[in-house]
**Student:** 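My structure is below; once you've seen it, I'll send some questions.
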Amino acid sequence: MSFREKTIKSEIVIDLTGPEGNAFCLLGYAKKFARQLGLDESKIHSEMTSGNYEDLLQVFNKYFGDFVVLER
């Protein structure tokens with residue numbers, strides 16, 4: 001799994017207009033980041049898949065927005 005990283009304030013930037021913005025790709029990132037942070041992967045996955053794409057983005061930001069920038 002690859003994603004573009006920028007070292008501006010050491011944040012990770014994910015371009016939502018490209019293949020990285022695919023819901024399945026974002027779910028994969030969430031799983032990876034949850035493991036790294038010791039968070040409950042299944043809870044996050046359930047929250048992310050309980051609504052539409054915009055809901056998925058909001059949940060992603062809720063958990064990982066401190067270090068990941070979702071770029072439109």
Side-chain angles (χ1 to χ4, degrees):
M1 190 180 307
S2 68
F3 53 90
R4 190 176 86 231
E5 291 186 66
K6 290 184 181 178
T7 54
I8 302 170
K9 298 181 186 176
S10 68
E11 293 175 328
I12 298 167
V13 178
I14 298 175
D15 181 6
L16 296 177
T17 63
E20 297 168 330
N22 177 291
F24 294 107
C25 190
L26 291 170
L27 288 166
Y29 288 136
K31 182 177 183 176
K32 176 183 174 182
F33 297 146
R35 284 182 182 166
Q36 291 174 347
L37 296 169
L39 300 175
D40 185 349
E41 296 172 43
S42 61
K43 177 184 175 196
I44 295 169
H45 184 273
S46 294
E47 283 185 52
M48 288 179 74
T49 57
S50 66
N52 61 27
Y53 182 74
E54 289 300 319
D55 296 329
L56 179 140
L57 297 177
Q58 287 179 0
V59 174
F60 190 95
N61 271 328
K62 173 180 157 182
Y63 288 100
F64 312 113
D66 288 343
F67 63 92
V68 178
V69 174
L70 299 177
E71 188 176 77
R72 293 181 186 250

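Nothing fancy with the numbering, it's 1 onward along the sequence.
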**Student:** Give the table of side-chain donor-acceptor pairs shorter than 3.5 Å for residues 36-44, with sequence neighbours excluded, one pair per line with atom names and distance.
**Tutor:**
unit_1	atom_1	unit_2	atom_2	d
Asp40	OD1	Ser42	N	3.2
Asp40	OD1	Ser42	OG	2.8
Asp40	OD1	Lys43	N	3.3
Glu41	OE1	Arg35	NE	3.4
Glu41	OE2	Arg35	NE	3.0

**Student:** Do Leu16 and Tyr53 have side-chain heavy atoms sitting under 4.5 Å apart?
**Tutor:**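 In contact.
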**Student:** Can Arg72 and Glu20 be counted as an ion pair, charged N to O under 4.0 angstrom?
**Tutor:**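 No.
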**Student:** Which atoms form the tightest heavy-atom contact between Val68 and Phe33, and what is the distance?
**Tutor:** CG2-CE1, 3.7 Å
**Student:** Measuring only between side-chain heavy atoms, which start at C-beta, is Val59 closer than 4.5 Å to Thr49?
**Tutor:**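 Sidechains of Thr49 and Val59: no contact.
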**Student:** Can you check side-chain contact (heavy atoms from CB on, under 4.5 Å) on Val13 and Leu70, steps first, answer last?
**Tutor:** CA-CA 6 Å; Val13 178; Leu70 299 177; over 6 Å; no
**Student:** Is there a side-chain contact between Ile12 and Val69 (heavy atoms, below 4.5 Å)?
**Tutor:**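 No, side chains not in contact.
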**Student:** Mark yes or no for whether Asn22, through its side chain, and Pro19, through its backbone, hold a donor-acceptor pair below 3.5 Å.
**Tutor:** no
**Student:** What residues form a salt bridge (charged side-chain N to carboxylate O under 4.0 Å, His left out) with Lys62, not counting sequence neighbours?
**Tutor:**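 By the salt bridge (charged side-chain N to carboxylate O under 4.0 Å, His left out) rule, Lys62 matches Glu47.
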**Student:** Taking side chain as C-beta onward, heavy atoms only, is Ile14 less than 4.5 Å from Glu71?
**Tutor:** no
**Student:** List the atom of Glu11, the atom of Asp66, and the distance in Å for their closest heavy-atom pair.
**Tutor:** OE2-O, 4.4 Å
